[in-house]
Colleague: 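Please see the structure below; I have some questions.
Everything numeric in this text was worked out from a predicted model, so none of it was measured.
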Number of protein chains: 2
Amino acid sequence: MLISELATRTGVSSRALRHYDGCGLLPSRRRSNGYRDFPPEAIERVRRIRLLLEVGLDLVAVASLLPCFAEDGRLAPCEPAQERLRAQIRSIDASMATMRETRRMLVAELGAELGAGEPGATAGLVAEVGAASGRPA
Amino acid sequence: MLISELATRTGVSSRALRHYDGCGLLPSRRRSNGYRDFPPEAIERVRRIRLLLEVGLDLVAVASLLPCFAEDGRLAPCEPAQERLRAQIRSIDASMATMRETRRMLVAELGAELGAGEPGATAGLVAEVGAASGRPA
DNA sequence: CTTGACCTTGTCACCGGTGTCAGACTTTAG
DNA sequence: CTAAAGTCTGACACCGGTGACAAGGTCAAG
């Protein structure tokens with residue numbers, strides 16, 4: 001299929017698809033006129049690329065991880081893939097820890113100035129705080 | 001004081017200080033030779049700038065918030081400042097929600113492949129998950 | 001004087017996926 | 001034939017704080 005069809009089917013822009021292709025993430029043949037010709041499997045492949053991008057990996061990491069996908073669409077239990085995902089989880093945990101600390105600083109800054117303010121407003125803020133920070137969704 | 005002294009005292013590079021100055025965040029006079037001459041208060045001001053940068057604001061937001069600092073180093077209870085901080089908290093909450101979802105996807109991807117693996121490894125991962133995601137530090 | 005340290009302004013690079021534009025070619029519809 | 005639509009490649013912009021460099025002015029110590 002041509003790139004516009006792949007774009008339509010996956011919801012990914014042609015620009016992005018060409019970029020993925022340029023990075024070697026998408027196997028594509030060329031027609032005699034030079035147009036890219038994607039096999040039907042490209043749809044699934046794009047889906048995997050987007051999945052990995054969504055979880056915060058960059059295209060280099062995605063490229064290294066794509067061969068680890070088994071035919072059923074799952075990551076094969078190869079050690080590099082597992083370790084990569086675990087590393088990403090650790091990275092996310094670190095970022096979240098930083099954000100929690102940042103949030104704490106913000107709330108402290110707000111709380112200090114709200115200490116002498118309306119109890120209602122303070123309670124509302126505290127409620128909002130409690131609702132959003134602690135629970136794991 | 002000269003810029004290098006301010007840099008030494010605050011731990012912020014001269015490059016960054018010049019950048020802040022260029023953005024109008026630091027009040028500085030010029031000596032007859034063109035050198036920046038910072039008043040002693042600049043130290044505290046730099047501290048405030050870094051505080052706001054640390055919580056994720058950009059220099060434009062920092063500039064708009066700096067006048068809201070009272071003399072005691074606290075944010076004055078002016079509505080723009082409060083709303084800005086609350087907006088930043090909302091932004092952080094949104095980011096954290098996204099990260100939690102991302103993390104969930106990662107764990108699901110790992111968990112699926114680990115489902116048939118060693119119970120010990122899985123338990124360890126789950127423990128790690130629970131330790132890092134739920135608690136508000 | 002020279003040397004070296006410090007200051008000035010200005011500019012480039014970075015990161016990385018994507019939008020967007022330009023210029024050229026191909027194909028199809030009218 | 002022509003116009004329109006689709007494709008190609010290549011390049012620039014973005015975001016934004018900071019590192020790094022260049023070229024030059026200033027000043028104190030020797």
Colleague: Can you pull every protein N or O that's under 3.5 Å from an N or O on nucleotides 13-17 of chain D?
Modeller:
residue, atom, partner, partner atom, Å
dG17(D), OP1, L59(B), N, 2.7

Colleague: More 5' along DNA chain C: S32(A) or S13(A), using each one's nearest nucleotide?
Modeller: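 Mapping each residue to its closest nucleotide by heavy atoms, the 5'-most match is S13(A).
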
Colleague: Of all residues at least two apart in sequence or in a different chain, which pass the side chain to side chain contact (heavy atoms under 4.5 Å, CB included) check with P27(A)?
Modeller: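 P27(A): side chain to side chain contact (heavy atoms under 4.5 Å, CB included) contacts with R45(A).
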
Colleague: For T102(B), give me all partners under side chain to side chain contact (heavy atoms under 4.5 Å, CB included), at least two apart in sequence or on another chain.
Modeller: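 T102(B): side chain to side chain contact (heavy atoms under 4.5 Å, CB included) contacts with V55(A), I92(A), T98(B), L106(B).
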
Colleague: Starting at atom CG of L17(A), determine the distance to atom P of dT20(C), rounded to an integer number of angstrom.
Modeller: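 Rounding to the nearest Å, CG of L17(A) and P of dT20(C) are 16 Å apart.
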
Colleague: Among all residues two or more places apart in sequence or in another chain, which pass the side-chain hydrogen bond (donor to acceptor under 3.5 Å, both in side chains) test with S64(A)?
Modeller: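 side-chain hydrogen bond (donor to acceptor under 3.5 Å, both in side chains) list for S64(A), sorted by chain: R84(A).
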
Colleague: Tell me the bend of the helix from dC1(C)-dG30(D) to dG30(C)-dC1(D) as the angle between end helix axes, each from five pairs, rounded to the nearest 10 degrees.
Modeller: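 That helix gives 40° between its end axes.
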
Colleague: Taking only residues two or more places apart in sequence, or in another chain, which ones meet R31(A) in a salt bridge (charged side-chain N to carboxylate O under 4.0 Å, His left out)?
Modeller: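 So R31(A) forms a salt bridge (charged side-chain N to carboxylate O under 4.0 Å, His left out) with D37(A).
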
Colleague: Mind checking side chain to side chain contact (heavy atoms under 4.5 Å, CB included) for E83(A) and listing every partner two or more places apart, or none if nothing turns up?
Modeller: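 Here the qualifying residues are E79(A), R86(A), A87(A), R90(A).
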
Colleague: Collect all protein-nucleotide pairs involving nucleotides 3-9 of chain D in which both atoms are nitrogen or oxygen and the distance is under 3.5 Å.
Modeller:
residue, atom, partner, partner atom, Å
dG6(D), N2, Y35(A), OH, 2.5
dG6(D), N3, Y35(A), OH, 3.4
dT7(D), OP1, S4(A), N, 3.0
dT7(D), OP1, S4(A), OG, 2.4
dC8(D), OP1, R36(A), N, 2.8
dC8(D), OP1, R36(A), NH1, 2.9
dC8(D), OP2, R18(A), NE, 2.7
dC8(D), OP2, R18(A), NH2, 2.9
dC8(D), OP2, R36(A), NH1, 3.3
dC8(D), O5', R36(A), NH1, 3.3
dC8(D), O3', R30(A), NH1, 3.4
dT9(D), OP1, R30(A), NH1, 3.1
dT9(D), OP1, R30(A), NH2, 2.8
dT9(D), OP2, R36(A), NH1, 3.0
dT9(D), OP2, R36(A), NH2, 2.5

Colleague: Could you identify which residues cluster with L2(A), counting Ile, Leu, Val, Met, Phe, Trp and Tyr as linked when any side-chain heavy atoms lie under 4.5 Å apart, either directly or through a chain of such contacts?
Modeller: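 Under the 4.5 Å side-chain rule, L2(A) groups with Y35(A).
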
Colleague: Tell me the closest heavy-atom pair linking S13(B) and A7(B), and the distance in Å.
Modeller: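 Smallest heavy-atom distance, with atoms named: C-CB, 4.2 Å.
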
Colleague: Could you pull out all residues at least two apart from E101(B) that satisfy side chain to side chain contact (heavy atoms under 4.5 Å, CB included)?
Modeller: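 E101(B) satisfies side chain to side chain contact (heavy atoms under 4.5 Å, CB included) with R104(B), M105(B) only.
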
Colleague: Among all residues two or more places apart in sequence or in another chain, which pass the salt bridge (charged side-chain N to carboxylate O under 4.0 Å, His left out) test with D58(A)?
Modeller: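 Residues passing salt bridge (charged side-chain N to carboxylate O under 4.0 Å, His left out) with D58(A): none at all.
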
Colleague: Which residue pairs pass the side-chain hydrogen bond (donor to acceptor under 3.5 Å, both in side chains) test when at least one of the two sits in residues 14-28 of chain B, sequence neighbours left out?
Modeller: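 Pairs touching residues 14-28 of chain B that pass the test: Y20(B)-R50(B), D21(B)-S28(B), D21(B)-R36(B).
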
